[in-house]
There are 2 protein chains.
Amino acid sequence: MKTLVSRCPIEEVMQMLSGRWPTLLIYYLKQGTKRFSDLRRDNPTISHKMLTLELRKLEDAGIVERSEFEGYPLRVEYQLTPAGHRLVPLIDALGDWWETTSDTSAHPGSMDAEAAVSNTASRD
Amino acid sequence: MKTLVSRCPIEEVMQMLSGRWPTLLIYYLKQGTKRFSDLRRDNPTISHKMLTLELRKLEDAGIVERSEFEGYPLRVEYQLTPAGHRLVPLIDALGDWWETTSDTSAHPGSMDAEAAVSNTASRD
DNA sequence: AGTAAATTACGCACCTTTTTGTAACCACGA
DNA sequence: TCGTGGTTACAAAAAGGTGCGTAATTTACT
């Protein structure tokens, strides 16, 4: 699936991480092993189809590992690979960068600073 | 002005950096001040529409600064802001991560990495 | 001298391509 | 029948490309 002819690793990662879901899913998987239905509960706005598609993409990229357990209502678990775990702090760093850069220009006068802070509270 | 209503800074950065162009443009702007036509030459596959759109987005995000010089034929220069420069190493880190993870057998295919490069058939 | 074309950095309208959402269906067994 | 994880077909939306118009000045041709 990852039939990429890009010369540049940055283009490749960005193609991997682009869109709303990849980083969100990584965030939730960072919390530990999750089942398909867990991830849907964690993020109710993702469609069934998108979740499978994105999980497959993350799997192909070596970020997520899929474990299928034989059984009655079929159980499948997803978790971050070691590489996936190494990716997490890099993504977090981007989030931090964004927060600090938004701070330096986001206060137009005497707005309530406290409100702004709690407004941008991360999901950590 | 970035009027974004996302709760999470990571979602916001990723929305900013998603797509093929943002990181590419940042890469070229990292080299120094560039004019519109320079950037088109650097990246011939981007359309003028996309270039203006993406530059505007980067500008709104505070990553790129636009300087317009009076005169004809109108000259406009683009360069990274300090925040933009701080972003560069973070993006590079993602590129490095990708390179190392691709190396360390992250792709459990049945063929070796060399063959996989020239062969487009993977999992379909 | 007069006209035409080129230049630069766009905006806009139209159209195609890609991505994403919706909904239905499959299989299995309690 | 329900719930599990997944697939497929079709529709909607978003992203992206093409080409034309704009500005004020210089150059190119006639």
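Scope of the values below: all heavy atoms of this structure, side chains included, with no hydrogens, waters or symmetry mates.
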In whole Å, what is the span from the CG atom of L53(A) to the P atom of dT18(C)? 16 Å
Could you state the atom-to-atom distance from CZ of R75(A) to C1' of dG29(C) in whole Å? 16 Å
Assert: residue with more 5' nearest nucleotide on DNA chain C, out of R41(B) and R20(A), is R41(B)
Hey, does I26(A) have a side-chain heavy atom less than 4.5 Å from the side chain of V64(A)? no
Counting side-chain heavy atoms from C-beta on, which of dG21(C), dG5(D), dT18(D) comes nearest to S47(B)? dT18(D)
Is any side-chain heavy atom of L87(B) less than 4.5 Å from a side-chain heavy atom of L17(B)? yes
S37(B) vs dA9(C): side-chain N/O to OP1/OP2 distance below 4.0 Å: yes
Nearest whole Å is fine: how far is dT19(C) P from Q15(A) CD? 8 Å
Within the structure provided, determine whether Q15(B) and E12(B) are in side-chain contact (heavy-atom separation under 4.5 Å). no
Between W97(B) (side chain) and A83(A) (backbone), is there a donor-acceptor pair under 3.5 Å? yes
Between S18(A) and G19(B), what is the shortest heavy-atom contact and its length? OG-N, 2.9 Å
Answer with base, sugar-phosphate or nothing: what part of the nucleic acid does S18(B) contact at a heavy-atom distance below 4.0 Å? nothing
What is the distance, to the nearest angstrom, from the CD atom on E68(A) to the C1' atom on dT4(D)? 11 Å
Produce the list of close N/O pairs, under 3.5 Å, pairing protein atoms with atoms of nucleotides 9-14 of chain D; give distances to one decimal.
none

Please state how far atom CG in L39(B) lies from atom C1' in dA9(C), giving the value in whole angstrom units. 12 Å
Any chance you could measure K30(B), atom NZ, to L80(B), atom CG, to the nearest 0.5 Å? 9.5 Å
Listed nucleotide nearest any side-chain atom of T52(A), set dG16(D), dT22(C), dT7(D): dT7(D)
Expected rows: protein N/O vs nucleotides 20-25 of chain D N/O, under 3.5 Å:
none

Heavy atoms only, 4.0 Å cut-off, all strands: where does F69(B) land among base, sugar-phosphate and nothing? nothing
Can a side chain N or O of R35(A) be found less than 4.0 Å away from OP1 or OP2 on dT4(D)? no
Using a strict cut-off of less than 4.0 Å between a Lys/Arg side-chain nitrogen and an Asp/Glu carboxylate oxygen, indicate whether R41(B) and D38(B) qualify as a salt bridge. yes
State, yes or no, whether a side-chain contact exists between D96(B) and E99(B) at a heavy-atom distance under 4.5 Å. yes
With a cut-off of less than 4.0 Å, is there a side-chain N or O of R56(A) near OP1 or OP2 of dT7(D)? yes
When rounded to the nearest 0.5 Å, the distance separating CE of M14(A) from CZ of R20(B) is 13.5 Å
Using atom CG of D38(B) as one end and atom P of dA9(C) as the other, report the distance to the nearest whole Å. 8 Å
Under 3.5 Å: donor-acceptor pair, side chain of T81(A), backbone of I63(A): yes
Please state how far atom CG in L74(B) lies from atom P in dT8(C), giving the value in whole angstrom units. 11 Å
If a pair means Watson-Crick or G-U wobble with both distances below 3.5 Å, what does DNA chain D look like in dot-bracket form, with | marking bases paired to a different strand? |||.||||||||||||||||||.|||||||
For I46(B) and dG16(D), give me the distance from atom CD1 to atom P, rounded to whole Å. 9 Å
Side-chain atoms of V76(A) come closest, of dA9(C), dG5(D), dG16(D), to dG5(D)
From L29(A) CG over to L39(A) CG, what is the distance, rounded to the nearest 0.5 angstrom? 5.0 Å
How about F36(B) and L55(B): do any of their side-chain heavy atoms sit closer than 4.5 Å? yes
